[in-house]
Amino acid sequence: MPDTSRRSFFITTAGMASAFGLPRGWARNPSRNPFSLGVASGSPRADRVILWTRLAPDPLAGGGLDQTDIQLRCRVCTDPEMRYAIIDERVTAPAADAHSVHYAAKGLKPHHEYFYQFYLGEDASAVGRTRTAPVDDTPISLALASCQHLEYGYFAAYRDMAKTNPDVIVHVGDYIYEYDPGPLGQVERVVFDQTIAAERVRQHASAEVRTLWDYRNRYAQYRMDHDLQNAHAAAPWIVSFDDHEVDNDWAGYMPEDPHRQTELEFRLRRWAAFKAYYEHMPLERPPTFDRYRLYSSLPLYDRFDFGPQLQLLQLDTRQHRTDQPCTDEMPAAPDCPGRYDNANTMTGRNQERFIRRALRRSSARWNLLAQQTWFSQLRYPGERYNMDQWDGYPQQRVRLLEELGRAQLENPVILSGDWHSGSAMNVLRNFDEPSSAVVAAELAGTSITTPCPWAPAVTAALPDNPHVVYYGGNQRGYLHCRINAERLHAEYKVIDRPGAADCVARIDHSVQVENGQRGIVRA
Ligand code: FE
Ligand code: CA
């Protein structure tokens, strides 16, 4: 919209500036951009979408605003020039939510493109593009992202993603890493006697994050990246976290290293992490906290419909899981009896019931399950497994395999992240029996930037795991899927030089899942 009309809007409401709590810090520094973290949209439905921004003129120091709620303006238009508004509303950025906005834009048309922008005083945010879900059988394009350790590269994968304009971007976790900063330059890691080199090209701005203040600043540092901002501004996201949004390999109320943080400390840390995650994501529902028992909860798992053709379940395999069994050796630990405990769960009972119900009620042609860690078995030499993945929870996997294998369920496809390498796997009814029925396809996207020092270990294990039909190894990138009535076509897009800001993505490999075929037919 033209500057003058925006100015006049704020002139007429100027008398309300104090009532709106115009931030003192912001008013003193009019050169500072309150929209330093960009915009985002997410949780797309056929008639609505969540629009997000966070006011942060001083993003690495808590945002730079005082403890008053701020009102700003949000417009939703049908054109990128922001001339034809269908929504023009005042929205609140609560101080308690770090001045983030989660505005549900409602009454939208299915599978329509919309443009949105926020305004505060003389400042306007970037213009975001979003798209509602269809109610018919329109083909859908989807990008799958995970694992974006900021120190190990630039977000060239996101630049490519923004360019391809997908209908939806699905993020399955490790949006931030909680760690201390490390020294810049070449880093080497030895796993299974093989050395993998990576390069640290940027640094975390603070020590390992533990408090709400820390997490907020960490998200802000990641979100200041322009390629990441552009990917958020290009399409609606459906997000769920994994471990590094809280603490490496945490499970339920169990931290990575219980000998280094007390249960009380971890309960407060988990709540801070949930809160900051919500504050930076276009989520529909906020977290809740029971301050007496220190229970925290963030509703993440959900079902999304993209017309009668496609159902997408976004799962949360961290918040409700039981502790990993056996030992936590990387990349895989020896098998042990604890692995077969029936009480072990990745999802918790309620979420398992939700999955079963959603799969049984589904009449969709494609049933996507987006979740975090690899679902398929991967047996490493010497009968070893990664206990943080579904291999640590084989009894629950058997129950889900039964659901996925039901004849009435059409085309189940599992999308995963976490392991920093792309792969395509036939999900077998019984992984120990290579000739057993293929019940689903699993497509794992690689990391946006995080290295994969265990890639040689996975490669060494491949002969023993014939259901893995493609393994990309230590490469950065993301997965791009196009889904229509006949097939799901997936491209493994890779970034050859994550340390080069201008690196262009290329397609390393593609696979297809044909309607009615279960499993990967072309690799
Ligand atoms: Fe990761
Ligand atoms: Ca992870």
Side-chain angles (χ1 to χ4, degrees), residues 147 173-174 188-196 242-244 246-261 317-318 320-348 371-401 414 416-421 423 425-436 442 444 447 450-469 471-474:
C147 296
D174 290 0
E188 288 185 344
R189 224 176 119 183
V190 182
V191 177
F192 275 23
D193 298 329
Q194 296 233 35
T195 307
I196 288 277
D242 192 25
D243 54 336
H244 289 287
V246 181
D247 186 23
N248 180 43
D249 285 357
W250 68 287
Y253 284 98
M254 185 65 76
E256 173 191 19
D257 39 16
H259 56 287
R260 285 180 57 221
Q261 42 195 327
T317 58
R318 282 291 160 193
H320 309 286
R321 76 152 92 181
T322 50
D323 197 21
Q324 295 89 346
C326 311
T327 57
D328 56 2
E329 278 166 79
M330 274 288 282
D335 199 5
C336 78
R339 208 163 78 92
Y340 303 94
D341 189 335
N342 253 324
N344 295 356
T345 173
M346 267 284 201
T347 62
Q371 50 94 52
Q372 288 68 48
T373 65
W374 284 18
F375 183 80
S376 298
Q377 174 172 292
L378 196 79
R379 190 181 15 228
Y380 293 81
E383 195 70 15
R384 299 167 85 91
Y385 300 95
N386 183 314
M387 303 304 173
D388 186 56
Q389 301 180 339
W390 283 87
D391 276 340
Y393 305 77
Q395 303 298 89
Q396 189 187 16
R397 181 169 57 196
V398 166
R399 294 197 295 274
L400 284 176
L401 281 168
I414 298 171
S416 7
D418 173 66
W419 211 218
H420 308 172
S421 40
S423 92
M425 295 169 275
N426 281 322
V427 178
L428 303 186
R429 188 63 204 243
N430 176 2
F431 286 104
D432 293 322
E433 192 50 69
S435 61
S436 87
E442 177 172 9
S447 58
T450 322
C452 185
W454 46 83
V458 176
T459 304
L462 292 181
D464 207 17
N465 295 277
H467 57 278
V468 182
V469 296
Y471 180 62
N474 182 28

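FYI, side chains are in, hydrogens and waters are out, and symmetry mates aren't considered; it's all heavy atoms of this structure.
Looking at D247, its side chain does come within 3.5 Å of a backbone N or O of E256 through a donor-acceptor pair. The backbone N or O of D388 lies less than 3.5 Å from a partner atom in the side chain of R321, making a donor-acceptor pair. For W250 (side chain) and D242 (main-chain N/O), a donor-acceptor pair under 3.5 Å exists by modelled atom type. Between the side chain of D174 and the main chain of H244, a donor-acceptor pair closer than 3.5 Å is present. In this structure, the side chain of Y393 does not engage the main chain of T347 through any donor-acceptor pair within 3.5 Å. A donor-acceptor contact shorter than 3.5 Å is absent between the side chain of D257 and the backbone of H259. With hydrogens and angles disregarded, a donor-acceptor distance shorter than 3.5 Å links the side chain of H420 to the backbone of P451. Between the T322 side chain and the T345 main chain, a donor and an acceptor come within less than 3.5 Å of each other. Side chain of E442 to backbone of F375: a donor-acceptor contact under 3.5 angstrom is found.
Using a 4.0 Å cut-off between a side-chain N of Lys or Arg and a carboxylate O of Asp or Glu, R379 and D391 do not qualify as a salt bridge.
In terms of heavy-atom proximity, L428 sits nearest to S436 at CB-OG, 3.7 Å. Nearest heavy-atom pair, W374 versus S421, reported as atom, atom and distance to 0.1 Å: CZ2-O, 3.6 Å. Closest of all the heavy-atom pairs between A251 and D323 is CB-CA, 3.9 Å. The two residues Y380 and A457 come nearest to each other via the heavy atoms CD2-O, 3.8 Å. Heavy atoms only, all atoms of each residue included: D341 and A343 are closest at OD1-N, 2.9 Å. Annotation for S416 and T373: closest pair CB-O, 3.7 Å, computed over non-hydrogen atoms.
Here the straight-line distance linking atom CD of E433 with atom NE2 of H467 works out to 13.0 Å at 0.5 Å rounding. Taking CD1 of I196 as the start and CD of E188 as the end, the distance is 10.0 Å to the nearest 0.5 Å. We find the CD-CZ distance between Q324 and R339 to be 13.5 Å, quoted to the nearest 0.5 Å. In this structure, N386 CG and D418 CG are separated by 7.0 Å, a value rounded to the nearest 0.5 Å. For the atom pair Q395 CD and N342 CG, the distance stands at 5.0 Å (nearest 0.5 Å). Separating the CG atom in L378 from the CG atom in D464 is a distance of 9.0 Å, to the nearest 0.5 Å.
The shortest distance between side-chain heavy atoms of R429 and F431 does not fall below 4.5 Å. At a threshold of 4.5 Å between non-hydrogen side-chain atoms, the residues R318 and D243 count as touching.
Counting non-hydrogen atoms of other residues, nucleotides and ligands closer than 6.0 Å to CG of D193 gives a total of 12 or fewer. A 6.0 Å sphere centred on CG of N465 holds more than 12 heavy atoms belonging to other residues, nucleotides or ligands.
With W390 as the partner, the side-chain hydrogen bond (donor to acceptor under 3.5 Å, both in side chains) test is satisfied by one option alone out of Q396, Q372, Q371, Q377: Q371.
Ring geometry, W454 versus W419: the interplanar angle falls under 30°, so the pair is classed parallel (tilted spans 30 to 60°).
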